Amino acid sequence: MPELPEVEYAARVARDAVAGRTLTTLRALHAALARDGAVDAAQVLVGRRLIDVRRVAKWQEFVFDDGAVLVVHFRMTGDWAVTDDAAVPRHARLELGFDDGRRLWLVDPRVLGRIAYIAPGTARTTRVGPDAHDPSLTPVALRARLARRSVAIKQALLDQAIVAGLGNIYAAEALWHARIHPATPASSLSLARVTRLLDGMRWALGEALGDPGRQAYGESLDRLAVYDKAGRPCPRCAAPIRRMVQGQRSTYWCGRCQR
DNA sequence: TATGGCCTGTGG
DNA sequence: CCACAGGCCATA
């Protein structure tokens, strides 16, 4: 489920639970996770001490004492479960065991989550843009990043190479707040509208950062303005919220106040 | 730049 | 039974 605020929270959960401990077990509990070889490759981490858990965009980076990194991505439905015994949580797909007996489980019903092992001194390759709340992302900078993209602004917001952190929910919410129609070509937005959009992005993420109840998959979507609200009244103008599909993803918007 | 594919679960 | 699900990547 995670968008940036949830991943930020998850990284903190992992850090608080196991940072400083030594990894004793790394085990895949589902064939799809084992298949690409990453769990095998990462076995060299067993016996190493975990220094820190960092977030980069929606990735979590487990940094070990020799500089090696285990990268974890939750995709749609991943989350952490922490236990002090060996009881396997429902939908656990990966087990990280530590020397004090604590275990961190990747719980991921859809099994879309992935891990990667990055050897010491190796650079990561995935390109990501600045976080949506990065102070260096000014309206002018955001407009420049959108300038060469003819895709709809909604789809541009989901492209982590442009801006990191917005997913399908917060992209819709940000556009609603900014009163921008989701199908607007990204490159056509005026600076004034990009300014509103940036404000909307930070509003959407800020709402979530202050809402720890939204961390777990399946939890409260009801206080959102438009996401999953087709047919319900727009909180701003009361016109019915509409739904369409862009790039195989549902988009929700208000047909009256988003132009 | 657009389209499947990945996986399982839930709800209509 | 089918549609849909909060994300990304490989492929054309």
Side-chain angles (χ1 to χ4, degrees), chain A residues 1-10 28-39 55-61 71-80 89-94 105-116 124-129 131-132 145-176 182-183 185-188 201 204-205 207-209 211-231 243-252:
Chain A
M1 58 79 188
E3 303 199 25
L4 186 144
E6 293 85 356
V7 178
E8 177 76 30
Y9 179 83
L29 304 180
H30 190 289
L33 258 171
R35 195 178 303 143
D36 67 3
V39 177
R55 179 189 63 76
V56 176
K58 296 180 199 169
W59 303 88
Q60 293 171 77
E61 296 189 344
V71 183
V72 179
H73 200 298
F74 280 169
R75 296 282 179 99
M76 296 277 222
T77 56
D79 201 0
W80 294 124
R90 179 170 159 81
H91 298 137
R93 309 306 188 191
L94 181 75
W105 308 85
L106 171 60
V107 171
D108 183 12
R110 284 181 69 180
V111 208
L112 295 175
R114 289 295 177 265
I115 72 167
R124 299 234 19 252
T125 54
T126 310
R127 294 183 325 133
V128 291
D131 281 350
R145 300 188 77 84
L146 296 171
R148 288 164 295 128
R149 310 304 297 265
S150 59
V151 286
I153 184 59
K154 162 67 168 18
Q155 291 173 264
L157 291 179
L158 295 181
D159 183 344
Q160 305 296 298
I162 298 177
V163 181
L166 293 184
N168 204 39
I169 292 179
Y170 301 147
E173 296 293 303
L175 289 166
W176 174 80
S187 57
S188 75
M201 290 157 58
L205 291 170
E207 289 280 297
L209 283 164
D211 179 5
R214 214 190 283 165
Q215 295 126 26
Y217 176 61
E219 285 191 31
S220 68
L221 295 170
D222 29 301
R223 57 190 79 173
L224 300 171
V226 290
Y227 182 82
D228 202 26
K229 297 288 192 293
R243 175 183 180 273
M244 67 174 164
V245 175
Q246 295 178 288
Q248 279 112 260
R249 313 295 303 278
S250 289
T251 295
Y252 300 87

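By convention in this document, chain letters (A, B, ...) are assigned in the order of the sequence lines, proteins followed by strands, and residues within each chain are numbered from 1. Hydrogens, waters and symmetry mates are skipped; everything else that's a heavy atom, side chains included, is used. Just so you know, these numbers come straight off a predicted model, no measurement behind them.
When the side-chain nitrogen and oxygen atoms of A:His30 are compared with OP1 and OP2 of B:dT8, one or more of them lie within a distance under 4.0 Å. Side-chain N/O atoms of A:Arg35 include one lying less than 4.0 angstrom from OP1 or OP2 on B:dC7. For A:Thr126, no side-chain nitrogen or oxygen approaches OP1 or OP2 of C:dC8 to under 4.0 Å. Of the side-chain N and O atoms in A:His91, one or more sit less than 4.0 angstrom from OP1 or OP2 of B:dG9.
Here the nucleotide nearest the side chain of A:Pro109, chosen from B:dG9, C:dA5, C:dC8, is B:dG9. If you check B:dC7, C:dC8, B:dT1 against the side chain of A:Ser150, the one that comes closest is B:dT1. Distances were taken from every side-chain heavy atom of A:Asn168 (C-beta onward) to each of B:dT8, C:dG7, C:dA5; the shortest belongs to C:dG7.
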request  = Both distances under 3.5 Å, Watson-Crick or G-U wobble: on that basis, could you give the dot-bracket string for DNA chain C, with [ ] for crossing pairs and | for other-strand partners?
outcome  = |||||.||||||
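Note: CZ (A:Arg149) to C1' (B:dA2) measures 12 Å, nearest angstrom. Per the geometry, CG belonging to A:Asp36 stands 15 Å off C1' belonging to B:dG5, to the nearest Å. In this structure, A:Gln155 atom CD and B:dT1 atom P are separated by 11 Å, rounded to whole Å. What separates CG of A:Leu33 from P of B:dC7 is a distance of 9 Å, to the nearest Å. Protein atom CZ of A:Arg110 is 11 Å distant from nucleotide atom P of B:dG9, rounded to whole Å. As a whole-Å value, the separation of A:His73 NE2 from B:dC6 P is 19 Å. Between A:Met244 atom CE and C:dC4 atom P the separation is 15 Å, expressed in whole Å. One can place CG of A:Leu158 at 15 Å from C1' of B:dT3, the figure rounded to the nearest angstrom.
Counting non-hydrogen atoms under 4.0 angstrom, A:Gln160 reaches the backbone sugars and phosphates but no base. Residue A:Arg114 is classed as a sugar-phosphate contact, given heavy-atom separations below 4.0 Å to backbone atoms only.
For B:dG4 and C:dA3, the P atoms lie 14 Å apart once the distance is rounded to whole Å. Between C:dA10 and B:dC7, the distance separating the two P atoms is 14 Å to the nearest Å.
Contact of A:Glu3 with C:dG7 (side chain to base): no donor-acceptor pair of N or O atoms is detected under 3.5 Å. For C:dA5, the base has no donor-acceptor partner in the side chain of A:Arg249 [N/O atoms by modelled type, under 3.5 angstrom].
In this structure, CG on A:Asp79 lies 13.0 Å from NE2 on A:His91, to the nearest 0.5 angstrom. Atoms OH and CG, on A:Tyr170 and A:Leu158 in that order, are 13.5 Å from each other to the nearest 0.5 Å. From A:Arg127, atom CZ reaches atom CD1 of A:Ile162 across 9.0 Å, with rounding to the nearest 0.5 Å.
With A:Arg145 contributing its side chain and A:Ala161 its backbone, the two residues share a donor-acceptor pair below 3.5 Å. Judged purely by atom type and a 3.5 angstrom limit, A:Arg243 has no side-chain atom pairing as donor or acceptor with the backbone of A:Asp228. A distance-only check finds a donor-acceptor pair linking the side chain of A:Lys58 to the backbone of A:Leu166 [under 3.5 Å]. Side-chain N or O atoms of A:Gln246 include one that pairs as donor or acceptor with a backbone N or O of A:Pro182 at under 3.5 Å. Proximity of a side-chain donor or acceptor of A:Gln160 to a complementary backbone N or O of A:Gly165 within less than 3.5 Å is detected.
Nearer to the 5' terminus of DNA chain B, by closest-nucleotide assignment, is the contact made by A:Ala32 (compared with the other of A:Arg90 and A:Ala32).
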